[in-house]
Visitor: 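For reference, the structure I am asking about is given below.
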Amino acid sequence: MTLKERCTVFSFDDLGDERGKLVVVEGGQTIPFDIRRVFYIYGSDSTVVRGQHANRESEFVLINVAGKSKVRITDCSEEFVVDLDRPMIGVYIPKMVWKDMYDFSPDSVLLVLASTHYDGAEYIRDFDQYRQIMSARESKSDVKE
Ligand code: TYD
């Protein structure tokens, strides 16, 4: 499976009516993990790059519930960008995938659903280290083939 195929972009149902919009995201149902943690990022301007890490243990779903941002996703073999520009769009980020969030609009509120409680030790924040880990993994899987 390609990285792009693994990082599902969800288009959540809009259950809105004449009173306004309603979007539901259910852990283990709409998205592929039970939600243990929720955080949101706002007040980042268009010059800021956030994220810049991969996680050994955590899976995430990113949703811009207000405003817009972009997320660049890579595993060092593939790279692509997802525009988070609607409140019903979410992108799934599996374990060991590098992400950079950027291009925040002034009104951006980026909601992040996570499969784990916070543990700073499972973050890889050095891209060179990440690249080395991924290339070691790749050579291991080449040997198996
Ligand atoms: P950081 O991981 O740099 O944020 P982002 O990935 O969104 O750019 O986190 C910023 C700070 O907040 C850092 O000191 C760690 C802390 N933090 C927690 O304590 N718990 C959390 O769940 C998260 C995401 C961050």
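Note that ligands are numbered from 1 as they come in the structure, with each ligand's atoms numbered from 1 the same way.
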Visitor: How does Ile41 reach ligand 1, by side chain, by backbone, by both or by neither, if only non-hydrogen atoms under 4.0 Å count?
Guide: side chain

Visitor: Taking atom 14 (O) of ligand 1 as the reference point, report whether a protein heavy atom occurs under 4.0 Å from it.
Guide: no

Visitor: In ligand 1, which numbered atoms sit nearer than 4.0 Å to a non-hydrogen atom of Gly51?
Guide: 5 (P), 6 (O), 8 (O)

Visitor: Do Glu59 side-chain atoms and Phe33 backbone N/O form a donor-acceptor pair below 3.5 Å?
Guide: no

Visitor: Return the minimal non-hydrogen interatomic distance between Phe10 and Thr30, and the atom names on each side.
Guide: CE2-O, 3.4 Å

Visitor: With the threshold set at 4.0 Å, does a side-chain nitrogen-carboxylate oxygen contact exist between Asp85 and Lys68?
Guide: no

Visitor: Please identify which atoms of ligand 1 are closer than 4.0 Å to at least one heavy atom of Arg50.
Guide: 4 (O), 5 (P), 7 (O), 8 (O)

Visitor: Return a yes/no value: protein heavy atom under 4.0 Å from atom 11 (C) of ligand 1?
Guide: no

Visitor: How are the rings of Trp98 and Tyr130 set relative to one another: parallel (under 30°), tilted (30 to 60°) or perpendicular (over 60°)?
Guide: tilted

Visitor: Mind checking whether Arg125 has a heavy atom under 4.0 Å from ligand 1?
Guide: yes

Visitor: Does OH belonging to Tyr42 count more than 12 external heavy atoms closer than 6.0 Å?
Guide: no

Visitor: Do any non-hydrogen protein atoms sit less than 4.0 Å from atom 8 (O) of ligand 1?
Guide: yes

Visitor: Pull out every atom of ligand 1 sitting under 4.0 Å from any heavy atom of His53, numbered as shown with elements.
Guide: 2 (O), 5 (P), 6 (O)

Visitor: Can you report which non-hydrogen protein atom sits closest to atom 21 (C) of ligand 1, along with the distance?
Guide: Tyr118 CD1, 3.2 Å

Visitor: Could you tell me whether Arg72 sits above the aromatic face of Phe80, with NZ or CZ closer than 6.0 angstrom to the six-membered ring centre and within 45 degrees of the axis?
Guide: no

Visitor: For ligand 1, note which part of Arg37 has a heavy atom under 4.0 Å away: side chain, backbone, both or neither.
Guide: side chain

Visitor: Does atom CZ (Arg37) have a neighbourhood of more than 12 heavy atoms from anything else shown, all under 6.0 Å?
Guide: yes

